[in-house]
Amino acid sequence: MNARNGYPLNLAFLVSLCLCGALFVRCSYGQQTTSGVGAKTVSRAPQRLPIWEPSRQYGAGQAKGTVGNSVAPSTGGNSVAASGPGVAAPVAPKVGSQYDPCPVDYGPTLEPIVTEGPGNDLVVVLPSAQHGLPQTQPARPSVWFDFNYLMWWVEGSRTPALVTSGIGGSTGALGDLGTEVLFPTTMLNSDMRHGARAGAGCWFDDAGQIGIEGDYLILLKASEDFSVSGDGNPVLARPFFNVVSGLEDSHVFAFPAVASGSIGISSDSRLQGAGLWFRKAILETNDFRCDGNDLSGTRVDFLAGYRFVQLDEGLLISESFEAAGPTRFDLYDSFAAENTFHGANLGVVAEIRRWAFSLELLMQLALGHSSAKVVIDGATTTTVGAGAPVVSDGGLLALTTNSGSYTQNELAVIPELGVSVGCNITERLRATFGYTFIYWSRVARPGEQIDRNLNPTYFPNNGPAVGAPQPEFTFVTSDMWIQGMNFGLDYRF
């Protein structure tokens, strides 16, 4: 064959070779052929999609588990290979399997689907390697429980001097040279208290946008005791202001060669509270998916509901002394105060998540009715020799002039601020540590109800009363703070 005759054949051969190559390339990269019998490839929306990039472990260009497909047509002797990028199985994050309690439905396993189209063309449907959303959004945990161990402090009760001692001729009156205050030297019941706070809640909807929550807290009983006894060296006394003489005075129960005696004082305090409120999400970033995940996000909820707080405190003074005769005197003074608050509670709680850690900020304010009840009682028992005891109304600070039960109702506020940090232990359990500050306005404390202005003529067995009936009762209220640390566990499912 000469060059003239072979040139057209060589040109036709080259053109045919180029067309075959172009057809092969188009089939290999998922483009549909324009005519003839062959394989067609199209893309469709994925049924199961990975959240995390396969390139985190296997590189951007190739993912582990890439699917390759070879398809042979039903007619003809030629085979057409179709291959696609495939889909890599989802790659779990470093902490996702441990901290993520939210199941995600990605649909059935992706496999290439071969169908026969018009003109006996084969259509190969390849799973897309593009990223997308799961078929169902992750469900937020619908119920949660939390428990906190409390180490809290309650502002102590202010109480006037109740017991003094005197040396060098002092009778224990305040201001005298040689007088020393024995009790109290600080505010009563101001030490740290142990307690617990438990809460629970649930969402009404799967998206966790509106729900209900409640809690209950209790501080264990705090008590402070004091006792002293003596034969008069040094002098033991109970100070007061004498309204008749207009001077500081004292009731002596231990004096050399005159009387010997003892005194015991006990003070106790109890605090409890509860609340129930609705919770509504007002701000949530798209990446705040659910509790326990390893993503970052921010959420702010609005709170509206009911708040209850109760504080019970008491102060009991028991005195006993024996004078010449012999005559024995047993006195007691009792001051008790009960404060109860019922009110509407509004608040905001914000939560910030960063991987397995969280930060929660709480601010709420309760406004409502605060009821204070004060009960004052006192008595003196006198026993002369072997005779029968005689009981008289009134002790020393609790006399007939101020004894009784008194109630006062006022409008009060109880704001609460809290901050808490948390760390996921498992996919459902989180450990937390936080700080809480609570303020309560217009609270009656037992020590503040004591009136030191006494008229000695109103003492039991002290003759006819003359002059102003004192002590007298006047409601005294003050503001009180509560603060402390919280150590908690939070479980959600």
Main-chain N/O of Ala274 paired to Arg307 side chain as donor or acceptor, under 3.5 Å: yes
I would like to know whether Arg279 and Glu213 meet salt bridge (charged side-chain N to carboxylate O under 4.0 Å, His left out); could you show each step before the answer? CA-CA 7 Å; Arg279 185 165 180 165; Glu213 185 177 13; 3.0 Å; yes
Tyr149 versus Asn486, side-chain donor and acceptor atoms under 3.5 Å: no
For the side-chain contact (heavy atoms from CB on, under 4.5 Å) test, which of Thr164, Asp176, Leu177 pairs with Ser170? Asp176
Which pair of heavy atoms, one from Asn424 and one from Trp355, lies closest together, and at what distance? ND2-O, 4.5 Å
Do the side chains of Arg452 and Glu248 get close enough for a salt bridge, i.e. N-O under 4.0 angstrom? yes
Can a donor-acceptor pair be found between the side chains of Glu448 and Ser478 at a distance below 3.5 Å? yes
Is it the case that more than 12 heavy atoms not belonging to Leu411 sit under 6.0 Å from its CG atom? yes
SB check Glu155 Arg158 (cutoff 4.0 Å): yes
Would you say the rings of Phe321 and His251 are close, in the sense that their centroids are separated by under 6.0 Å? yes
For Ile265, run the side-chain contact (heavy atoms from CB on, under 4.5 Å) check against Val163, Leu316, Asp225 and tell me which one passes. Val163
Please report, to 0.1 Å, the donor-acceptor pairs under 3.5 Å made by any side chain of residues 234-243, with sequence neighbours excluded.
| from | atom 1 | to | atom 2 | distance (Å) |
| --- | --- | --- | --- | --- |
| Arg238 | NH1 | Glu319 | OE1 | 2.6 |
| Arg238 | NH2 | Asp333 | OD2 | 2.6 |
| Asn242 | OD1 | Val244 | N | 2.8 |
| Asn242 | OD1 | Ser245 | N | 3.2 |
| Asn242 | ND2 | Asp249 | OD2 | 3.1 |

Note: Ile376 and Phe473 closest approach over all heavy atoms is CD1-CD1, 3.6 Å
Taking the side chain as every heavy atom from C-beta outward, state whether Arg442 and Phe341 have any atom pair closer than 4.5 Å. no
If you draw a 6.0 Å radius around OH in Tyr306, do more than 12 non-hydrogen atoms from other residues or ligands fall strictly inside? yes
Audit row: Ile414, Tyr439, side-chain contact (heavy atoms from CB on, under 4.5 Å) steps and yes/no: CA-CA 5 Å; Ile414 301 183; Tyr439 190 82; over 6 Å; no
Do Ser320 and Asp330 get their side chains close enough for a donor-acceptor pair, meaning under 3.5 Å? yes
Has Met363 got more than 12 heavy atoms of other residues, nucleotides or ligands less than 6.0 Å from its CE? no
Polar side chain donor-acceptor pair, Ser267 to Asn189, under 3.5 angstrom: yes
Pair Asp312 + Arg270: basic N to acidic O under 4.0 Å: no
In terms of side-chain heavy atoms, does Thr382 have a donor or acceptor partner in Asn461 at a distance below 3.5 Å? yes
Within-4.5 Å side-chain heavy-atom neighbours: Gln408 and Ser371: no
Are the side chains of Thr401 and Asn455 in touch, meaning some heavy atoms are under 4.5 Å apart? no
Side chain to side chain donor-acceptor pair (under 3.5 Å) assessment of Ser269 paired with Arg445: CA-CA 10 Å; Ser269 175; Arg445 315 296 296 273; 5.3 Å; no
Side-chain contact test, heavy atoms from C-beta onward, threshold under 4.5 Å: evaluate it for Pro471 versus Asn453 and give yes or no. no
Would you mind reporting whether Ser157 and Met187 have side-chain heavy atoms less than 4.5 Å apart? no
Within a strict 4.5 Å, meaning less than it, do heavy atoms of the Leu454 and Phe459 side chains meet? yes
Please list all pairs meeting salt bridge (Lys or Arg N to Asp or Glu O under 4.0 Å) that have one or both residues in residues 385-398, counting only residues at least two apart or in different chains. none
Will you find, in the side chains of Trp152 and Gln483, an N or O donor that is under 3.5 Å from an N or O acceptor? no
Any heavy-atom pair between the side chains of Trp440 and Asn339 that's under 4.5 Å? yes
Which pair of non-hydrogen atoms, one from Asp377 and one from Ala398, has the smallest distance, and what is that distance? O-CB, 3.4 Å
Do Thr285 and Thr298 have a side chain donor and acceptor closer than 3.5 Å? no
